[in-house]
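What follows is a single structure, written as structure tokens, with notes after it.
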Amino acid sequence: QVQLVESGGGLAQAGGSLRLSCAVSGGTFSMLNMGWFRRAPGKDREFVAVIDGSGGLTYLTDSVEGRFSISRDNAKNTAYLQMNSLKPEDTAVYFCAADPSWGWSVTEGAYDYWGQGTRVSVSS
């Protein structure tokens, strides 16, 4: 059973930075595409970023492109979301998710495993 645990959320000021971590256990980490999603207050969960198993391919949604980056350390079974130049509209609960299929996806339904979420609050 693959388990994911996020950490690193908290309170930041606009323009600040946070780094989220997602520790994975119970699976072959390098075989998993890792995604980050977020749910802002009163909104549906949305895709943020994805990285393939090798770490060679990444994709970020337009609203965070240039501010956020996604990475992974396969030796540590951990994925990361580096968030810079934070804005109040980045306030959300952030979830990491794992997709064991071939080819990465921006769709929630492709991800079989989810973490419990970590809250990020950005003040203006």
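Hydrogens, waters and symmetry mates play no part in the numbers below; they use all other heavy atoms, side chains included. Model, not experiment: these values are computed from the prediction.
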State, yes or no, whether a side-chain contact exists between [X] and [Y] at a heavy-atom distance under 4.5 Å.
X: Met83; Y: Leu20; answer: yes
X: Val24; Y: Val2; answer: yes
X: Ser121; Y: Arg119; answer: yes
X: Asn77; Y: Arg72; answer: no
X: Pro100; Y: Asp112; answer: yes

Under 6.0 Å between ring centres: does that hold for Trp36 and Phe95? no
Could you report the tightest heavy-atom contact between Leu32 and Ala98, atom names first, then the distance? CD1-CB, 4.0 Å
What pair of heavy atoms forms the shortest contact from Gly35 to Tyr111, and how long is it? N-CE2, 3.6 Å
Might you work through the side chain to side chain contact (heavy atoms under 4.5 Å, CB included) test for Leu4 and Met34, ending with a clear yes or no? CA-CA 10 Å; Leu4 290 71; Met34 296 300 299; 3.9 Å; yes
Could you measure the distance from the [atom1] atom of [X] to the [atom2] atom of [Y]? Nearest 0.5 Å is fine.
X: Leu86; Y: Leu18; atom1: CG; atom2: CG; value: 5.5 Å
X: Tyr113; Y: Ser25; atom1: OH; atom2: OG; value: 11.5 Å
X: Ser71; Y: Ile51; atom1: OG; atom2: CD1; value: 6.0 Å
X: Tyr94; Y: Thr118; atom1: OH; atom2: OG1; value: 10.5 Å
X: Leu81; Y: Glu6; atom1: CG; atom2: CD; value: 11.0 Å
X: Ser69; Y: Leu60; atom1: OG; atom2: CG; value: 7.5 Å

Other residues, nucleotides, ligands: >12 heavy atoms within 6.0 Å of Gln116 CD: yes
Can you name the side-chain contact (heavy atoms from CB on, under 4.5 Å) partners of Ser54, sequence neighbours left out? Asp52
Parallel, tilted or perpendicular: which fits the ring planes of Trp114 and Phe37, with parallel below 30° and perpendicular above 60°? tilted
Can you spot which of Glu108, Glu46, Glu89 makes a salt bridge (Lys or Arg N to Asp or Glu O under 4.0 Å) with Arg38? Glu46
Is the closest side-chain donor-acceptor distance between Asn84 and Ser17 under 3.5 Å? yes
Could you list who else is in Met31's hydrophobic cluster, with ILVMFWY side chains joined at under 4.5 Å, directly or through other members? none
Step by step, work out the side chain to side chain contact (heavy atoms under 4.5 Å, CB included) result for Thr78 and Tyr80. CA-CA 7 Å; Thr78 302; Tyr80 304 97; 3.5 Å; yes
Same cluster (ILVMFWY, side-chain, under 4.5 Å), [X] and [Y]:
X: Trp104; Y: Phe47; result: yes
X: Val64; Y: Leu57; result: no
X: Phe29; Y: Val50; result: no
X: Leu11; Y: Val122; result: no

Just by distance, do the side chain of Ser105 and the backbone of Thr107 share a donor-acceptor pair under 3.5 Å? yes
